[in-house]
Amino acid sequence: MARRKQYDFLDAMAHLTKNAAAAAEVLVQLVKNYSAENLITEAEKIHDLEKEGDKIVTELTNELYDAFITPIDREDILIIAERIDDILDGINALTYLFENLAITKMRPQTDEFAQLVLVAANGVHTAMLEFPKFKHSKTLKKMIDEVNRVESESDRLYSKLKKGLFTEETDLLEIIKWKDVYDRFEQIVNASEAAVDIIDGMVIKNT
């Protein structure tokens, strides 16, 4: 009887980060070329990536139950997978917000927020790809620092946009809608920072 191939946990997590980065790229294009028609088609692409991500997390979790040996602590594998999944879930939830809140057009600088989401998601993906060679990688630490920098930049943009929303917008409904949208953008970038911070902790733990 052929021996069952050992499950590659690190590859599964890299696949998750790849999906998150791909979803972020779709989000950038959606925001840049926003319309009701584009929302339908682009949101479907993100939904598919999120569904695949859920399958990967379920498979990974099931494999953890049976695995005799794992490349890093089981708890770390589970936590990093959950944080990466938070990025995907957040981007997916944003498309539902656009639809459910009947967003008809993007406010100024929304594209900047979407771009920060993309840079952060790409940073997480690169960091995850570099993690298996963390003892020799010069790129890994740079990516962790880059995502932390992006999170700080996101905080400043979030504060600026929220202040502008509350001081310049007179339509109460618009204020309510966009507060939720800005909150979601910020949560996605925060999830990216949480992911690389866990990767950083895994490096320290395994050094």
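Keep in mind the model is a prediction, meaning the values are calculated, not measured. Along the sequence shown, the residues carry numbers beginning at 1.
Summarising the geometry, atom CD belonging to Glu82 is positioned 13.0 Å from atom CD1 belonging to Ile87; distances are rounded to the nearest 0.5 Å. Atoms CG and CD1, on Leu64 and Ile77 in that order, are 5.0 Å from each other to the nearest 0.5 Å. Atoms CD1 and CZ, from Ile198 and Phe131 in turn, are 11.5 Å apart once rounded to the nearest 0.5 Å. Once rounded to the nearest 0.5 Å, the distance linking CD1 of Ile103 with CG of Asp180 reads 9.0 Å. Rounded to the nearest 0.5 angstrom, His15 NE2 and Asp8 CG are separated by 12.5 Å. Considering CD of Glu151 and CD of Glu153, their distance stands at 11.0 Å, rounded to 0.5 Å.
Remark: side-chain polar atoms of Asp200 are not paired, donor with acceptor, to backbone N or O of Val196 under 3.5 angstrom. In this structure a side-chain-to-backbone donor-acceptor pair under 3.5 Å is present from Asn33 to Gln29. Using modelled atom types, no side-chain atom of Ser159 and backbone atom of Arg156 make a donor-acceptor pair closer than 3.5 Å. A donor-acceptor pair is defined here as one N or O able to donate and one able to accept, closer than 3.5 Å; no such pair exists between the side chain of Ser137 and the backbone of Lys133. With hydrogens and angles disregarded, a donor-acceptor distance shorter than 3.5 Å links the side chain of Thr41 to the backbone of Asn38. Thr126 places a side-chain N or O within donor-acceptor distance of the main-chain N or O of Asn122, the cut-off being under 3.5 Å. In this structure, the side chain of His47 engages the main chain of Ala43 through a donor-acceptor pair within 3.5 Å.
Hydrophobic clustering (ILVMFWY, side-chain heavy atoms < 4.5 Å, transitive): Leu118 and Met128 are in distinct clusters. Linking ILVMFWY side-chain heavy atoms closer than 4.5 Å, directly or via other members, places Met202 and Met143 in two distinct hydrophobic clusters. Each of Leu60 and Leu129 belongs to its own hydrophobic cluster when Ile, Leu, Val, Met, Phe, Trp and Tyr are linked at side-chain heavy-atom distances under 4.5 angstrom. Both Ile188 and Tyr158 are part of a single hydrophobic cluster, where members link through side-chain heavy atoms under 4.5 Å apart. In the hydrophobic cluster analysis, where Ile, Leu, Val, Met, Phe, Trp and Tyr join through side-chain heavy atoms closer than 4.5 angstrom, Val181 is grouped together with Phe166.
The shortest distance between side-chain heavy atoms of Ile84 and Val57 does not fall below 4.5 Å. For the pair Gln115/Asp111, no side-chain contact is recorded, criterion being any heavy-atom separation below 4.5 Å from C-beta on. Using a 4.5 Å heavy-atom threshold, the side chains of Met13 and Ile56 count as separate.
Ion pairing between Lys141 and Asp145 holds under the 4.0 Å rule for side-chain N and carboxylate O. Ionic pairing of Lys45 and Glu42 is present here: one or more N-O contacts between side-chain nitrogen and carboxylate oxygen are shorter than 4.0 angstrom. Electrostatic pairing of Glu146 and Lys142 does not count as a salt bridge here, judged by no charged N lying under 4.0 Å from a carboxylate O. Salt bridge absent: Glu52 and Lys55 never bring a charged side-chain N and a carboxylate O closer than 4.0 Å. Salt-bridge annotation for Asp183 and Lys179: present, with a side-chain N of the basic residue lying under 4.0 Å from a carboxylate O of the acidic one.
The minimum heavy-atom distance between Gly53 and Leu88, with the atom names listed, is CA-CD1, 4.1 Å. Here the closest non-hydrogen pair linking Ile46 and Leu27 is CD1-N, 4.1 Å. The minimum heavy-atom distance between Ala121 and Ser192, with the atom names listed, is N-OG, 4.2 Å. Of all the heavy atoms in Ile175 and Leu165, the pair that sits closest is O-CD2, 3.5 Å. Scanning both residues, Val147 and Ala120, for their nearest heavy atoms gives CG2-O, 3.7 Å. Across all non-hydrogen atoms, the minimal contact from Ala20 to Ile91 is O-CD1, 3.8 Å.
Applying the 6.0 Å contact sphere to NZ of Lys18 captures no more than 12 heavy atoms from other residues, nucleotides or ligands.
Ile204 forms part of no hydrophobic cluster, judged by ILVMFWY side-chain heavy-atom separations under 4.5 Å.
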Practice prompt. Please lay out, stage by stage, how Val124 and Arg83 fare under the test side-chain contact (heavy atoms from CB on, under 4.5 Å).
Written response: CA-CA 10 Å; Val124 175; Arg83 294 295 79 77; over 6 Å; no
Worksheet entry | side-chain contact (heavy atoms from CB on, under 4.5 Å) evaluation trace for Glu99 with Leu39 | CA-CA 8 Å; Glu99 179 184 0; Leu39 176 58; 4.2 Å; yes
Practice prompt. Please assess Val117 against Val28 for the test side-chain contact (heavy atoms from CB on, under 4.5 Å), listing each intermediate value before the final yes or no.
Written response: CA-CA 8 Å; Val117 167; Val28 166; over 6 Å; no
Worksheet entry | Verdict with supporting geometry, Leu161 and Trp178, side-chain contact (heavy atoms from CB on, under 4.5 Å) | CA-CA 9 Å; Leu161 294 180; Trp178 278 90; over 6 Å; no
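Annotation: Phe185 is not in aromatic contact with Tyr182 [ring centroid separation under 6.0 Å not met].
Only one option out of Leu101, Asn100, Leu97 pairs with Lys177 in a side-chain contact (heavy atoms from CB on, under 4.5 Å); it is Leu101.
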